[in-house]
Student: 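If you scroll down you'll find the structure; I have some questions about it.
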Protein chains: 2
Amino acid sequence: MNKQNSIAKCETTVIHDDVIDRVKEEMPAAEQMYDLSELFKSLGDQTRLKILFALSKNRMCVCDIAALLDMSQSAISHQLRVLRNVRLVKFQKEGKVVYYTLDDDHVNEIFKQGLNHVRHR
Amino acid sequence: MNKQNSIAKCETTVIHDDVIDRVKEEMPAAEQMYDLSELFKSLGDQTRLKILFALSKNRMCVCDIAALLDMSQSAISHQLRVLRNVRLVKFQKEGKVVYYTLDDDHVNEIFKQGLNHVRHR
DNA sequence: TAAACATATGAATATATATTCATATGTTTA
DNA sequence: TAAACATATGAATATATATTCATATGTTTA
């Protein structure tokens, strides 16, 4: 009841119906929005950012990354899975060692833009 | 004890000490990493992405956005605060209405790169 | 000035997620 | 083949966060 009221109230006092209609049509498909949010979500964590930054310099095995970041092997492995899921990293097995690398160069571009924004205030 | 053991074990079996040392030096400052992760974190949510996308098309007031996304005014207001905190949006008051706009063009660039990645598989 | 209104915000709640712990899996080597 | 090892992963836990609800704040208008 409270919810209904406030929505009704809001709808009647909307300032620009025309803008809302137009923007609604231009809004990207729900699935793309979802994928995009998953991608940025995966970038929104210091541990994963550090992993990606490290991999942008060199391929590294799980144990290397754990040592670099002073974190447990398990924690790194879990985070690498997140990065794999959004295709930010890929890996090659060499014996029992698994080497991770960046999947493509988009990451570096996104990084660059992000740093631009952060530095620019 | 378990933790100590596993870290010690890992350190002795690290594959590339040289790489680790070098990458450690090249790692961006902790504060930049933090800011960057906060920026991407703010992009890692569908509601906020939709808000940003909408604002890239037109300035809109809070009530417009709530109507567009079919969400409560409060929810939108809370999310706008997150976006303000990372300087992705700014606002102008006109009477009792508050119009929000994108703070700069970086967002659009980051968006574009993100969509490239998502579409490219 | 009082009422109407747009927005902001604190507290509560539900949900998502990062890390740990224990252990499974698969490969190499003695 | 058994032991050593690198990595992956499920369950548990602690913490972060999105939304709701109630209400405060500040502006306009009757």
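The chains referred to below are lettered A, B, ... by the order of the sequence lines, with proteins before strands, and numbering in each begins at 1.
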Student: How many whole angstroms separate atom NZ of K93(A) from atom P of dT7(D)?
Tutor: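 Whole-Å distance recorded here is 10 Å.
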Student: Assess whether one donor atom and one acceptor atom, taken from the side chain of S74(A) and the base of dT9(D), lie less than 3.5 Å apart.
Tutor: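 Yes, the side chain and the base share a sub-3.5 Å donor-acceptor pair.
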Student: Which word best sums up how the rings of H106(B) and H120(A) line up, parallel for under 30°, tilted for 30 to 60°, or perpendicular for over 60°?
Tutor: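 H106(B) and H120(A): perpendicular rings.
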Student: Looking at E31(A), I want to see if its CD is surrounded by more than 12 non-hydrogen atoms of other residues, nucleotides or ligands under 6.0 Å.
Tutor: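 Incorrect, the count does not exceed 12.
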Student: Would you mind telling me which residue lines up with the more 5' stretch of DNA chain C, Y99(B) or K41(A), judged by nearest nucleotide?
Tutor: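 Final value for this comparison: Y99(B).
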Student: How far does NZ of K57(A) sit from CE of M27(B), to the nearest 0.5 angstrom?
Tutor: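 Reported value, rounded in 0.5 Å steps: 9.5 Å.
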Student: Between dA18(C), dA22(C), dT19(C), spot the one nearest the side chain of M71(A), thanks.
Tutor: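 For M71(A), the side-chain atoms sit closest to dT19(C).
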Student: Should we say atom CG of D105(A) is surrounded by more than 12 heavy atoms from elsewhere, each under 6.0 Å from it?
Tutor: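 Atom CG in D105(A) is not packed in, count stays at 12 or less.
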Student: Between atom CD1 in I65(B) and atom P in dT19(D), what is the gap in whole Å?
Tutor: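 Taking atom P of dT19(D) as the reference, CD1 of I65(B) is at 13 Å.
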Student: Take atom CG of D70(B) and atom P of dA18(D), then tell me their distance rounded to the nearest Å.
Tutor: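 These atoms are roughly 19 Å apart.
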Student: Nearest to the A75(A) side chain among dT19(C), dT7(D), dG10(C), which nucleotide is it?
Tutor: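 Taking heavy atoms from C-beta onward, the closest nucleotide is dT19(C).
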Student: At under 4.0 Å, does any side-chain N or O of T47(B) touch on OP1 or OP2 of dT19(D)?
Tutor: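 Affirmative; the distance criterion is met.
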Student: For R48(B) and dA18(D), is the shortest distance between a side-chain N/O and OP1 or OP2 below 4.0 Å?
Tutor: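 So the side chain of R48(B) is within the cut-off, an N or O lying under 4.0 Å from OP1 or OP2 of dA18(D).
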Student: Just compare dT28(D), dT7(C), dT19(C) and give me whichever is closest to any side-chain atom of K96(B).
Tutor: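 Per side-chain heavy atoms of K96(B), the pick is dT28(D).
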Student: Measuring from the side chain of V98(B) (C-beta onward, heavy atoms only), which nucleotide among dT7(C), dA18(C), dA4(C) has the closest atom?
Tutor: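 That would be dT7(C).
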Student: What is the distance, to the nearest angstrom, from the CG atom on L80(A) to the P atom on dT7(D)?
Tutor: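 For the pair L80(A) CG and dT7(D) P, the rounded distance is 10 Å.
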Student: With sugar-phosphate meaning primed atoms plus P, OP1 and OP2, does Y100(B) contact a base, only sugar-phosphate, or nothing at under 4.0 Å between heavy atoms?
Tutor: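 Answer is sugar-phosphate: Y100(B) comes under 4.0 Å of backbone atoms only.
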Student: State the dot-bracket string of DNA chain C. Criteria: Watson-Crick or G-U wobble, both atom distances under 3.5 angstrom; notation: ( ) intrastrand, [ ] crossing earlier pairs, | interstrand, . unpaired.
Tutor: ||||||||||||||||||||||||||||||
Student: From C-beta outward on V62(A), which listed nucleotide comes closest to its side chain: dG10(C), dA8(C), dT7(D)?
Tutor: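 Taking heavy atoms from C-beta onward, the closest nucleotide is dT7(D).
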Student: Any salt bridge linking E38(B) with R87(B)? Criterion: basic side-chain nitrogen under 4.0 Å from a carboxylate oxygen.
Tutor: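 Result for this pair is no, no salt bridge flagged.
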Student: Any side-chain N or O of Q73(A) below 4.0 angstrom from OP1/OP2 of dA6(D)?
Tutor: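 It does not, given that no N or O in the side chain of Q73(A) lies less than 4.0 Å from OP1 or OP2 of dA6(D).
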Student: Could you measure the distance from the CG atom of D35(A) to the CD atom of Q46(B)? Nearest 0.5 Å is fine.
Tutor: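 So the CG of D35(A) and the CD of Q46(B) are separated by 9.0 Å.
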Student: Can you tell me how far P of dA8(D) sits from CZ of F91(A), to the nearest Å?
Tutor: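 Those two atoms, CZ and P, are 7 Å apart.
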Student: CE/M33(B) to OG1/T47(A) distance, rounded to the nearest 0.5 angstrom?
Tutor: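 Atom-to-atom, M33(B):CE and T47(A):OG1 are 10.5 Å apart.
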Student: Is any N or O donor-acceptor pair between the side chain of S72(B) and the base of dC21(D) shorter than 3.5 Å?
Tutor: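 Not at all, since no donor on one side and acceptor on the other fall under 3.5 Å apart.
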Student: Please tell me which of E94(A) and G44(A) maps to the more 5' nucleotide of DNA chain C, matching each residue to the nucleotide holding its nearest heavy atom.
Tutor: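 The residue whose closest nucleotide sits nearer the 5' end is G44(A).
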Student: Could you state the CG-P distance from L83(B) to dT9(C), rounded to the nearest angstrom?
Tutor: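 Those two atoms, CG and P, are 14 Å apart.
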Student: What is the distance, rounded to the nearest whole Å, between atom CD of E38(B) and atom C1' of dT17(D)?
Tutor: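 Taking CD of E38(B) and C1' of dT17(D), I get 11 Å after rounding.
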Student: Given atom NE2 of H78(A) and atom C1' of dT20(C), what is their separation to the nearest angstrom?
Tutor: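 Taking NE2 of H78(A) and C1' of dT20(C), I get 8 Å after rounding.
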Student: With a 4.5 Å heavy-atom cut-off, do D21(B) and E25(B) have their side chains touching?
Tutor: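 Counting from C-beta outward, D21(B) and E25(B) never come under 4.5 Å.
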Student: Taking the side chain of D45(A) as its heavy atoms from C-beta onward, which of dA4(C), dA6(D), dA18(C) lies nearest to it?
Tutor: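 Looking only at side-chain atoms, D45(A) lies closest to dA18(C).
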